[in-house]
Amino acid sequence: MKKLLIHITMAFCGLMLFACSNQEETKATVNTHAPKLLLTQNGADFIMAHQDNVLIEKSLGKLRTAFNTAVEKPLEFPQPLDAGGGYSHETHKANYQNALTAATLYLLESDTAALAYAKEILIGYAAMYPNLSTHPEGKTQAPGKLFWQILNEEVSLVYLIQAFDAINSALSENERATIIIGLFEPMVSFIKDESASTFNKIHNHAMWGVAGVGMAGYVLDHPEWVDAALHGGDKSGNSGYFKQIDQLFSPDGYYSEGPYYQRYALMPLVILAQAIEANQPEIKVLEYKDGVILKTIETTVQLSACNGYFFPLNDAVKAKSIETPELGYALPLVFDNSENPDLWVEVMKQNGNVVLTDALVGLHKKKCEPFKRNTLYIKDGPKGESGALAILRSDPFCGGTTALLKFGTHGMGHGHFDQLGILWYGHGNEILADYGAARYHNIPQKFGGRYLPENDTWANQTIAHNTLVVDEKNQYNGDDDLADQHHGDGIYFINSDSIKAAAAKNNTAYPGVNLQRHVALVTLEGLGAITIDITTANSEQSHQLDLPFHYKGDIVFRKPAVQMEANQLSVLGKENGYQHLWLRGASETTQLAQSTLVNGNSFYTISTTATQPFNVLWAQTGANDPEANLLHQEALIYRSKEKSQTWVSVLEPHGDYNTIHEKTSGAATQISGLTAEENNGVLTLKITTVSSQAFQLEFDLSEIQNFNNPHISISKV
């Protein structure tokens, strides 16, 4: 009996060893196709074990809802015909997004229905892609095949390769080969080789291309694809991922095309960074260029007003905020690598679109801290040598005002001619506003969702911004290539408890005209926190000088009186954006102009004086706009003809307007007098209040000063 038991035991152990051996072989086989990108099985297990975390719960709920919505409709693979916003475009876009949604859900929950759905999409495109020619609408830009421009093709690769990675281990060898040969190999070849001019460009379009190709290289074990993505198609290092980082992002993490395109370039930047970190940690990608990838994420958030909307610089669609899905990828990465991760929990909650990746491991141990938006001097240019953005904030939350002074790079193909332009916010609301882009994104009736012709004729023109216009012309004569060669230069920057200020100059925007702008946030007794804006122009010849303030709000008071056009509006000018402005009225010559606006629950008064007399013009967009493409926008334009002129505006928030309880308080400005004199390069500003208080402020207007300690004095007289 004992011998029989021994034989049974040995047989059982043999079976167990055989089974274990087979399991190890199977495990080894599976592991060769295990996820290699942002979400691995370990990350998925952590996420599912912590579903009660509010961020994870919300993202999981969105995944499930998105998948359930997607499967309600039959899958379609229409022949590519339409530009952005059209049926075929939107269908293919939804397909690649749904593929990643379903694949992620499978990796997290082992949902077989989600697996089948993701698989069907990938195999469907594997059957379709080899037979596609270039897109019929790809006329003005580098065309794709599924989409009208190669950019969308690159984005689709970024999504589809992640979907494939998530379900790779669940595919049969035949399914895997079908998808790789039919979809990924021809798609990578089209993006990397046939569209090499875009792939090797230093531009946000190329950033998406290198991200997709690099990730595909890691997942499909093609190191030559990875090399091309990181170092350019010819492997020389003159293009590719690292060159993109070198050229497009400043050391402070600012992207040269502005916040709107920064958040767009951010997604491929951080996705490929995470793929590199997971597959080639020895590269230490997050340490590259002094950790600029992580700085870029933080800077992106700081480039938003306190209500979360990005500053609408350059070709910006103004509806974009920090809720943008691209930050859903970026914020977990900075959370995972921050010295203060608790700070980023709050931002991830505000974003509301956190992507479930390995970067969230450890989330359950973190607490939430309020995120502060700070006063910052954000350098521009590859080495931080090309001007800057100065963001001045009276309050880190939404209790005060924010002023932004722009004097960095032009912004390549998406730049606007707005050197020394300003924006001004009160309680998160735009008061002095930027138009952003002339574009109805993804609306087919509006030029296929593309940039409208008015983007060139209005939105990027100098008169469309809050900056000085000389002789009704654009800065750099409207030449993008010329503008890209120049930038403004900082004169000083202060960030102290008593004053926050910045100044910059530009002597190249208009030949023979030297421009300066000084912006300061100060607090004066009886006035509270005010903003002082100083704009100077100096030349040896007389010029027509126009200083526009494009405002948001309703005018409730103004002086001097404006003589309104009673019967027929006239167009302000013939070109350079002036042809789109109706002149609604103008004032007589004055030394002091005041306009009080109501915006939201507050009042804001703009009090303006100058060293020489000026007229006030009241203008409105809408002229020469037969397709009704322009948004309604009003502007005050201060005009004079001088060799030299200095305008000083005091921007004053005050009062409360409560429509619910029908109560109004503090609706009138507290400034009764404002004068400016300039002697030997020093501007003396005197402010008198209705309570008979008087203040004197002095600003040194010389071009060379102590950057961190300029001559600014404030006294009560």
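Just so you know, residue 1 is the first one in the sequence shown, and it goes up from there. Predicted model, so just to flag it, every value in this text is computed and none were measured.
Annotation: Phe242 is in aromatic contact with Tyr288 [ring centroid separation under 6.0 Å]. In summary, the aromatic rings of Tyr241 and His231 are positioned with their centroids too far apart to meet the 6.0 Å limit. Aromatic ring centres of His414 and Tyr451: separated by under 6.0 Å. Ring centroids of His50 and Phe46 are separated by less than 6.0 Å, placing the two rings close together.
Between Glu430 and Lys318 there is a salt bridge, since at least one side-chain N of the basic residue sits less than 4.0 Å from a carboxylate O of the acidic one. Using a 4.0 Å cut-off between charged side-chain N and carboxylate O, Glu109 and Arg64 make a salt bridge.
Panel note: side chain Asp434, backbone Leu313; no donor-acceptor pair is recorded below 3.5 Å. For the pair Asp165 (side chain) and Lys36 (backbone), a donor-acceptor distance under 3.5 Å is present. Between the Asn279 side chain and the Tyr218 main chain, no donor and acceptor come within less than 3.5 Å of each other.
When the side-chain contact (heavy atoms from CB on, under 4.5 Å) test is applied to Ala464, the partners found at least two apart in sequence or on another chain are Trp458. Residues passing the side-chain contact (heavy atoms from CB on, under 4.5 Å) test with Ala70 are Asn98, Tyr117, sequence neighbours excluded.
Between the side chains of His427 and Asn601, no donor-acceptor pair is found at a separation under 3.5 Å.
Considering Lys289, Lys295, Lys379 as possible partners of Asp252, the one that fulfils the salt bridge (charged side-chain N to carboxylate O under 4.0 Å, His left out) test is Lys379.
Figure legend: Arg263 and Tyr260 shown as a cation-pi pair, the cationic atom lying under 6.0 angstrom from the six-membered ring centre and within 45 degrees of its axis.
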